[in-house]
Amino acid sequence: MSLVIRPLGMHDVNFIHYSWRKSLWKNEVDQAAVPWDIFFEGMASYWRAVDALPGTVYTVAEFKEVPGEVIGYAVHISPTECLWLYVKAPYRRQGIGTALLQNADRLGTITRTGKAFAKSLGLAHDPYMLFTPKH
């Protein structure tokens, strides 16, 4: 199938928020210490901060043959800094994440999968890049 990397469409936002929130909640959050409603509101505040940065750009991956089905996305806060990268599990290890990174040399994704991906590509891993951008 032919991979298409395109700008964010408003119809993509719900999937992006859902998958980003789910990735963190399932894999990184101590659910015994952080109530769901606090986490949910915290993520909404986090996204407002990310979206307010002047360099924030969302890109989406889909297959040309299946338009509208998001298979991955990236959130860049500058051309060389990818704050968050996500690819649906069945499509990983097919070059989609690398294509979404574009020219990024720093990755801020905090999941174990994201850390391993950054290491495999020799990228700097900086989970605090939102607070220490290197534009």
Side-chain angles (χ1 to χ4, degrees):
M1 289 206 215
S2 304
L3 186 64
V4 174
I5 305 294
R6 61 169 175 77
L8 174 76
M10 288 311 298
H11 56 280
D12 303 316
V13 173
N14 286 338
F15 173 76
I16 288 171
H17 285 179
Y18 170 80
S19 59
W20 195 340
R21 190 182 296 118
K22 182 179 173 187
S23 292
L24 291 175
W25 181 254
K26 286 180 62 180
N27 301 305
E28 305 301 327
V29 174
D30 179 352
Q31 296 174 16
V34 179
W36 169 253
D37 58 338
I38 298 294
F39 172 72
F40 192 94
E41 288 302 317
M43 287 301 299
S45 296
Y46 182 80
W47 291 322
R48 283 191 295 275
V50 168
D51 292 346
L53 294 172
T56 300
V57 175
Y58 290 74
T59 53
V60 174
E62 66 185 14
F63 291 121
K64 182 178 181 181
E65 296 81 2
V66 191
E69 181 185 344
V70 176
I71 58 171
Y73 59 89
V75 182
H76 287 79
I77 60 171
S78 81
T80 61
E81 298 171 303
C82 182
L83 177 66
W84 187 261
L85 178 70
Y86 176 85
V87 176
K88 288 180 177 176
Y91 302 105
R92 293 179 185 157
R93 299 186 180 272
Q94 297 179 34
I96 296 163
T98 303
L100 283 163
L101 282 174
Q102 298 171 3
N103 297 315
D105 58 13
R106 292 174 67 215
L107 181 60
T109 303
I110 64 171
T111 62
R112 290 180 298 278
T113 303
K115 289 180 226 176
F117 185 67
K119 183 177 180 180
S120 74
L121 294 178
L123 301 175
H125 177 250
D126 182 0
Y128 302 105
M129 78 167 48
L130 182 63
F131 306 105
T132 58
K134 304 287 190 244
H135 307 285

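Numbers here are sequence positions counted from 1.
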Minimum heavy-atom separation for [X] to [Y], with atom names?
{"X": "Leu107", "Y": "Ala118", "value": "CD2-CB, 3.8 Å"}
{"X": "Leu85", "Y": "Ala74", "value": "CD1-CB, 3.9 Å"}
{"X": "Val60", "Y": "Leu8", "value": "CG2-CA, 4.1 Å"}
{"X": "Thr111", "Y": "Trp84", "value": "CG2-CH2, 3.8 Å"}

Tell me whether His125 contacts the main-chain N or O of Ile110 through its side chain, where contact means a donor paired with an acceptor under 3.5 Å. no
Is a donor on one side and an acceptor on the other found under 3.5 Å between the side chain of Glu62 and the backbone of Gly68? yes
Side chains of residues 89-96: which donor-acceptor partners sit under 3.5 Å, not counting sequence neighbours?
| unit_1 | atom_1 | unit_2 | atom_2 | d |
| --- | --- | --- | --- | --- |
| Arg92 | NE | Val87 | O | 2.7 |
| Arg92 | NH2 | Val87 | O | 2.9 |
| Gln94 | NE2 | Pro90 | O | 3.2 |

Would you compute the distance between atom [atom1] of [X] and atom [atom2] of [Y] and round it to the nearest 0.5 angstrom?
{"X": "Arg106", "Y": "Ile77", "atom1": "CZ", "atom2": "CD1", "value": "7.0 Å"}
{"X": "Asp105", "Y": "Glu81", "atom1": "CG", "atom2": "CD", "value": "8.0 Å"}
{"X": "Leu83", "Y": "Thr109", "atom1": "CG", "atom2": "OG1", "value": "7.0 Å"}
{"X": "Ile16", "Y": "Tyr86", "atom1": "CD1", "atom2": "OH", "value": "11.0 Å"}

Which residues pass the side-chain hydrogen bond (donor to acceptor under 3.5 Å, both in side chains) test with Ser23, not counting sequence neighbours? none
Grouping I, L, V, M, F, W and Y whenever their side-chain heavy atoms are under 4.5 Å apart, do [X] and [Y] come out in a common cluster?
{"X": "Met129", "Y": "Leu123", "result": "no"}
{"X": "Met10", "Y": "Trp20", "result": "yes"}
{"X": "Leu24", "Y": "Val13", "result": "yes"}

Could you list the cluster mates of Tyr18? Members are the ILVMFWY residues connected by side-chain heavy atoms closer than 4.5 Å, either directly or through other members. none
More than 12 foreign heavy atoms under 6.0 Å from NZ of Lys115: is that the case here? yes
Does a sphere of radius 6.0 Å around CG in Asn103 hold more than 12 heavy atoms from other residues, nucleotides or ligands, not counting ones at 6.0 Å or beyond? no
On the 0 to 90° scale, with breaks at 30° and 60°, tag the Tyr73-Phe15 ring pair as parallel, tilted or perpendicular. perpendicular
Could you pull out all residues at least two apart from Ala99 that satisfy side-chain contact (heavy atoms from CB on, under 4.5 Å)? Leu3, Ile5
Please list, chain by chain and in numerical order, all residues satisfying side-chain contact (heavy atoms from CB on, under 4.5 Å) with Ala104, sequence neighbours excluded. His76, Cys82, Leu101
Can you pull the side-chain hydrogen bond (donor to acceptor under 3.5 Å, both in side chains) pairs that have at least one residue in residues 42-52, sequence neighbours excluded? Ser45-Arg48, Asp51-Tyr58
List for me each residue that meets ring-ring contact (aromatic ring centres under 6.0 Å, His included) alongside Phe40, sequence neighbours excluded, and say none if there are none. Trp36
Residues passing the salt bridge (Lys or Arg N to Asp or Glu O under 4.0 Å) test with Lys88, sequence neighbours excluded, are Glu69
By the ring-ring contact (aromatic ring centres under 6.0 Å, His included) test, which pairs, at least two apart or in different chains, include something from residues 101-122? none
Listing request: all salt bridge (charged side-chain N to carboxylate O under 4.0 Å, His left out) pairs with a residue in residues 12-34, at least two apart in sequence or in separate chains. Arg6-Asp12, Glu28-Arg112
If we only count heavy atoms from C-beta on, is the Gln102 to Val57 side-chain gap below 4.5 Å? no
